[in-house]
Amino acid sequence: SVDLYDLSTPDFIDYGIVLFPNPTQDYFTVSSTTENEFSITIYEISGKEVLSQLKSKNKSSINIQNLKSGIYFVSIKDENENISIKRLIKR
């Protein structure tokens with residue numbers, strides 16, 4: 001579980017990570033400007049983990065067709081333990 005207070009903190013560093021399209025329906029892509037590998041974890045707004053994908057590099061497409069419509073938090077952690085939190089809206 002993730003501390004929702006931490007997720008709401010606006011001063012996360014994004015480490016060159018972009019999440020698109022947002023809002024989305026079926027999938028989204030995580031793109032990084034670094035060569036680092038990263039892991040992706042998706043949380044409901046309540047903090048419950050709903051999807052985890054390990055070890056992607058540069059660009060990764062994530063299928064979220066099975067998730068309900070709503071707001072999610074996407075945690076992207078690189079191999080140096082740097083964490084970026086992005087908000088994702090699923091239509």
Side-chain angles (χ1 to χ4, degrees):
S1 180
V2 163
D3 185 341
L4 290 179
Y5 175 78
D6 289 341
L7 292 178
S8 68
T9 305
D11 54 354
F12 275 100
I13 301 168
D14 73 2
Y15 298 104
I17 292 172
V18 179
L19 189 146
F20 63 92
N22 191 9
T24 187
Q25 283 185 321
D26 298 328
Y27 74 94
F28 67 92
T29 299
V30 175
S31 177
S32 173
T33 58
T34 71
E35 292 293 318
N36 292 343
E37 288 188 338
F38 53 87
S39 62
I40 300 162
T41 308
I42 301 174
Y43 299 92
E44 292 178 339
I45 202 155
S46 67
K48 178 184 173 196
E49 181 180 316
V50 292
L51 194 141
S52 184
Q53 176 175 322
L54 294 175
K55 301 298 178 197
S56 296
K57 203 167 191 174
N58 294 92
K59 203 169 192 180
S60 184
S61 186
I62 313 296
N63 183 331
I64 57 167
Q65 288 178 310
N66 296 333
L67 298 182
K68 294 181 219 165
S69 294
I71 298 172
Y72 294 87
F73 291 105
V74 181
S75 172
I76 302 114
K77 180 166 66 170
D78 73 15
E79 57 199 23
N80 298 319
E81 301 295 312
N82 297 316
I83 297 174
S84 179
I85 305 290
K86 302 287 187 182
R87 187 175 66 178
L88 176 71
I89 298 169
K90 180 171 192 277
R91 291 188 196 155

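Scope of the values below: all heavy atoms of this structure, side chains included, with no hydrogens, waters or symmetry mates. Not measured: the values here are computed from a predicted model.
Between Tyr72 and Glu44 the shortest side-chain heavy-atom distance falls below 4.5 Å.
Atom CD1 of Ile42 is separated from atom CD of Gln53 by 8.5 Å, given to the nearest 0.5 angstrom. The structure places CD1 of Ile85 at 8.5 Å from OG1 of Thr41, a figure rounded to the nearest 0.5 Å. Put simply, OG on Ser60 and CD on Glu37 are 11.0 Å apart, with the number rounded to the nearest 0.5 Å. Ile76 CD1 to Phe38 CZ: the interatomic distance, rounded to the nearest 0.5 Å, is 7.5 Å.
Remark: side-chain polar atoms of Lys86 are paired, donor with acceptor, to backbone N or O of Ile17 under 3.5 angstrom. Checking side-chain atoms of Asn80 against main-chain N and O of Asn82 turns up no donor-acceptor pair under 3.5 Å.
Between Arg91 and Gln25, the shortest heavy-atom contact is CB-CG, 3.8 Å. In terms of heavy atoms, Leu67 sits closest to Lys90 at O-NZ, 2.8 Å. Residues Lys59 and Phe20 share a closest heavy-atom pair of CE-CZ, 4.0 Å. Nearest heavy atoms, Ile89 versus Ile71: CG1-CG1, 4.3 Å.
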Item to complete: Start with the C-alpha gap between Ile64 and Phe28, add the side-chain angles, then the distance that decides, and say whether side chain to side chain contact (heavy atoms under 4.5 Å, CB included) holds.
Response: CA-CA 8 Å; Ile64 57 167; Phe28 67 92; 3.7 Å; yes

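If you run side chain to side chain contact (heavy atoms under 4.5 Å, CB included) between Thr24 and each of Leu19, Leu88, Ile62, only Leu88 comes through.
Atom OH of Tyr27 has 12 or fewer heavy atoms from other residues, nucleotides or ligands within 6.0 Å.
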